[in-house]
Amino acid sequence: MGSAHLEGHLGTGGLVLTALALNAPLAMMAGYIPFEIGLGLGAATPLVLVLVMALMLVFAVGVLAMARHMNQPGAFYTYITAGLGRSAGLGAGMCALIGYILLAGGSYVFTGILIQKLVAAYLPGTRLDWWVGALGMWVLVTAISLFNIDVSTKVLGVFLCVEVAIVMLWNLRVFLDGGPEGRGLDVTAQLGTGSVGMAFLFGVASLAGFESLQVFRTETRDPLRTIPRASYLTVALLAAFYALSSWAYLVAFGTDAAIASAADPAGGFTASLARYAGKTVADLAVVIMVTSALASLLAMQNISARYVFALGRDGVLPSWLGKVNDRFHAPTRAAGAIGTILGAFTLVVTALRIDPVLTYLATSGLGLWTLITLMGGTALSVVTFFRRNTGLEPSVWKALVAPGFAVLGFAYVITQATLNKNVMMGGDATLATISIGLVVVTFLGGLVYARWMRARRHDVWLRIGNQD
């Protein structure tokens, strides 16, 4: 193991595949989209997704303008350090790491449940505990994450293409055959009813992913051109895909039935796949949901490993975590550490007999709340960064107006996420409050640790979020 830079040959396509895989389109269609329709604004969901796309695009404008002045991977960690200072940056870095670990931990539990149901459906009489499937997936994903990012991209590309093809085939058949109310849709039907906040909350969750691409900066060909292209393309593709697919969902079910389907989102979507695309496609989709989870988990672990690498490189975490594998030119030690943490998480949930469904809802909801909050903090960082460095960006739109709109938009979404924390995290308001409190404590712990290093390890303090 050496200390050389990370290396890779990611192009626009590879970055887009990574961001889309993190988003897990098929799982989103079986989970988040029904909730967005049922708990949000119903028939107006396609319109909401277009508006959320606008929010994500103005966020991207500021972030990508700032990214031109970032030389090292680290995303939220490096952005917030550059904009709000080392103490806030370290707190944000710790929270980002916790957020991705929570999302991945919950996803392992969810994957175990999917595999358990798959085995029960196709091998009657066979009983498989959820944790067996989860640990099997953990072994596979962790092994792949140890290698160069180019290996992961090839795996992500195959699985992503299949799941997108399934949803697009279903979309086509729905629009050709029509639903119980025909092929049309009145997107204004639920305006003035439902929850605008929940609609935007789930909308942001549906379009998240591009903001993580900065962690692959040193593994990308020509990052100053490639990352902006991949970021805008990711937002546009996700918005178009989900706006079209949510429209098809509403047509396939009829507006009232689509709203009611939030009670059983996965079952309703699978049944609709069988009706419109055929039982074979529906059966394939159940299998592909597992590979979709694999692709998403691989993206999460790759991103988490690069946060650990960045923190190890700067000396915040043990320096051996910031070393590059000389053979694979990958953060193998950091990836191994993340894999170990996630394996331990699965074993603890199993040993303590914690309800797996509650675990999935609580960890994924808290992870999402954390990342949305960090998006808001990053948007604010862009504004402060360019106000302190007035000569770096001549465009007022990029330096102030676009990120300013993003700050306001995310402030609204964060407020809604906090007010509806019990919905996001499984229905237990007390547990949700405690969970958010723990994330806040993590951030404050990062602040205290940074202050301690400023006084006791000043050389490490100076390296926090360093771009040299």
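Counting from 1, the numbers follow the sequence of the chain as shown. Both backbone and side-chain heavy atoms feed into the values below; hydrogens, waters and symmetry mates do not. Everything numeric in this text was worked out from a predicted model, so none of it was measured.
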Q: Please lay out, stage by stage, how Phe59 and Phe410 fare under the test ring-ring contact (aromatic ring centres under 6.0 Å, His included).
A: CA-CA 9 Å; Phe59 176 49; Phe410 282 120; 5.0 Å; yes
**Q.** Steps toward side-chain contact (heavy atoms from CB on, under 4.5 Å) verdict (Trp369, Thr418)
**A.** CA-CA 8 Å; Trp369 182 90; Thr418 305; 3.0 Å; yes
Q: Could you give me the CA-CA distance, side-chain angles and deciding distance for Leu400 and Val383, then say whether side-chain contact (heavy atoms from CB on, under 4.5 Å) is met?
A: CA-CA 6 Å; Leu400 179 61; Val383 175; 4.0 Å; yes
Q: Let me see the working for Leu462 and Arg86 under side-chain contact (heavy atoms from CB on, under 4.5 Å), right down to the final yes or no.
A: CA-CA 8 Å; Leu462 292 174; Arg86 292 185 177 90; 4.1 Å; yes
Q | Derivation and outcome, side-chain contact (heavy atoms from CB on, under 4.5 Å), residues Tyr360 and Trp130 | A | CA-CA 12 Å; Tyr360 165 65; Trp130 70 267; over 6 Å; no
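Counting non-hydrogen atoms of other residues, nucleotides and ligands closer than 6.0 Å to OH of Tyr232 gives a total above 12.
Residues forming a salt bridge (Lys or Arg N to Asp or Glu O under 4.0 Å) with Asp129 (at least two apart in sequence, or on another chain): Arg127.
Between the side chain of Ser296 and the backbone N or O of Ser292, no donor-acceptor pair lies under 3.5 Å. Side-chain N or O atoms of Tyr100 include none that pairs as donor or acceptor with a backbone N or O of Gln301 at under 3.5 Å. A donor-acceptor pair under 3.5 Å is formed between the side chain of Tyr449 and the backbone N or O of Val316. Side-chain atoms of Ser319 never come within 3.5 Å of backbone atoms of Gly315 as a donor-acceptor pair (strictly under, hydrogens ignored). In this structure, the side chain of Thr332 engages the main chain of Leu146 through a donor-acceptor pair within 3.5 Å. When atom types are taken as modelled, the side chain of Thr142 and the backbone of Val139 share no donor-acceptor pair closer than 3.5 angstrom. Side chain of Tyr242 to main chain of Gly203: no donor-acceptor pair is present (N/O by atom type, distance under 3.5 Å, no hydrogens or angles). Proximity of a side-chain donor or acceptor of Thr226 to a complementary backbone N or O of Arg221 within less than 3.5 Å is detected. The backbone N or O of Lys323 sits nowhere less than 3.5 Å from a side-chain atom of Arg333 that would complete a donor-acceptor pair. When atom types are taken as modelled, the side chain of Arg463 and the backbone of Asp314 share a donor-acceptor pair closer than 3.5 angstrom.
The CG atom of Leu201 lies 9.5 Å from the CG atom of Leu39; values are rounded to the nearest 0.5 Å. Rounded to the nearest 0.5 Å, atoms CG (Leu213) and CD1 (Ile227) are 7.0 Å apart. Taking CE from Met425 and CD1 from Ile436, the interatomic distance works out to 4.0 Å, rounded to the nearest 0.5 Å. Atom OG of Ser246 and atom CG of Leu49 lie 5.0 Å apart (nearest 0.5 Å). The CD1 atom of Ile98 lies 12.5 Å from the OG1 atom of Thr363; values are rounded to the nearest 0.5 Å. Note: Asp222 CG to Arg229 CZ = 7.0 Å, rounded to the nearest 0.5 Å.
The minimum heavy-atom distance between Tyr79 and Ala67, with the atom names listed, is OH-CB, 3.7 Å. Contact record, Leu55 with Ala406: CD1-CA, 3.9 Å, taken as the closest heavy-atom pair. Taking every heavy atom of both residues into account, Glu163 and Ile288 meet most closely at CB-CG2, 3.5 Å. Closest heavy-atom contact between Leu20 and Pro25: O-CD, 3.4 Å. Nearest heavy-atom pair, Val109 versus Phe345, reported as atom, atom and distance to 0.1 Å: CG2-CE2, 4.1 Å. Of all the heavy atoms in Ala65 and Glu393, the pair that sits closest is CB-OE1, 4.1 Å.
Side-chain contact of Trp131 with Thr346: a donor-acceptor pair under 3.5 Å is absent, judged by distance alone.
Thr442 places none of its side-chain heavy atoms less than 4.5 Å from the side chain of Thr370. Contact of the Leu140 side chain with the Leu298 side chain is not registered, since no non-hydrogen atoms from C-beta on lie closer than 4.5 Å. Residues Met453 and Leu90 are in side-chain contact: their nearest non-hydrogen atoms beyond the backbone lie under 4.5 Å apart. Met289 has its side chain out of reach of Leu118: every pair of non-hydrogen atoms, C-beta onward, lies at least 4.5 Å apart. Side chains of Arg68 and Leu64 form no contact here, defined as non-hydrogen atoms less than 4.5 Å apart. Looking only at side-chain heavy atoms (C-beta outward), Trp461 and Ser87 come within less than 4.5 Å of each other. In this structure, Thr81 and Tyr77 have side chains that are in contact, with non-hydrogen atoms separated by less than 4.5 Å. A 4.5 Å side-chain heavy-atom check between Trp397 and Val58 finds at least one atom pair inside the cut-off.
The aromatic rings of His69 and Phe385 lie tilted to each other, with the angle between the two planes from 30° to 60°.
Counting only residues at least two apart or in different chains, side-chain hydrogen bond (donor to acceptor under 3.5 Å, both in side chains) contacts with residues 376-392 are absent.
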